[in-house]
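Take a look at the structure set out below.
Letters A, B, ... mirror the listed sequences (proteins, then strands); counts begin at 1.
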Amino acid sequence: MWLAKVIVSYKTGILDPEAKAIYNALISFHEGILSEGYQDINKIEVGKYFQISFSDTVNREKAEELTKQACDKILSNPVIQKYKFQLEEVSK
Amino acid sequence: MKLGVVVFPGSNCDHDTYHVLKKVVKAKVEYIWHKETGLNFFDAIILPGGFTYGDYLRVGAVARFSPVMKEVVKFANSGGPVLGICNGFQILLEAGLLPGSLITNDHLRFRCQDVYIKVANNKSCFTKCYESNQVLKMPIAHYSGNYFADKETIEKLEGEDSIVFQYCSSNGDVVPEANPNGSMLNIAGILNEDKNVLGMMPHPERAAEKILGSEDGLGIFNSLLGKN
């Protein structure tokens, strides 16, 4: 059975206030969160992870095509977001 | 007795809480900015409702690391009373001062309405002005108020008498129809083991003046102040 693991995140340059707030908290409250090394963190990106499982009759090619369609049509907004995915063959 | 109301970026019930404490129950109260690190002058701390840090990451997850929280944890661990209302409750859970978690309402809707809650434990420093099993009317306003915990935690809460408020019907029956968000056991508020930390989803500060429809929330503040 094929399984698609999809990550959707913002394109470079699109303002992501959530990522910015988390980054600022991490850097300014570093004593409560990290003991050291906070200055080595340059950026945080926030994304969404999806897992799509296909029925047994779907081959790799078909799974890839369906995943692409799902990403383009609903899982991401191509104006502001990018996506990447990998396909894995798993046993049920 | 002096109370402190913590102000985080995104708190929005801080002024209501301050108003009720100062003008209605006539207590000594001060705001505490979230970057403060000294709580020595306070006898009780309140984390008000709101949407701290835009609810980013998880509700309460960023506020829990605000500098003041280290002091709030110390304050609570030394026995000081800490009350978390709505988002304040969510912060207390993220900070580990209370067990469990508040997840998205089961019906996926933001609920802003009056509810009835039953006082299941009237022996704590927050609830001694109430009768046992008294039914209170208070508003809720939240999207993530669905209390969830694993089986052991729920059993522990029950065994310790830490479930302090439960959603109920107007005559006090704890039934599924009275549950506005899917909370396990209709939980609306819990106490920690030592009973000096209370987290609750309903807003007592919005039910503290007759003109606003209910004065049932006053008992919490009066209990804290040691009134009868």
Tabulate, with distances rounded to 0.1 Å, every donor-acceptor pair spanning chain B and chain A at under 3.5 Å.
unit_1, atom_1, unit_2, atom_2, d
A:Glu18, OE2, B:Leu57, N, 2.6

Sorted by number, residues from residues 62-76 of chain A in contact with chain B (heavy atoms, under 4.5 Å):
none
Flag yes if more than 12 heavy atoms outside A:Gln51 fall under 6.0 Å of its CD atom; otherwise flag no.
yes
Taking all atoms of both residues into account, what is the closest heavy-atom pair of A:Ile33 and B:Phe65, and its distance?
CG1-CD2, 3.1 Å
Set of residues satisfying side-chain hydrogen bond (donor to acceptor under 3.5 Å, both in side chains) with respect to A:Asp56, sequence neighbours excluded:
A:Lys92
My understanding is that only residues two or more places apart in sequence, or in another chain, count here; which of them pass side-chain contact (heavy atoms from CB on, under 4.5 Å) with A:Val90?
A:Met1, A:Leu3, A:Glu88
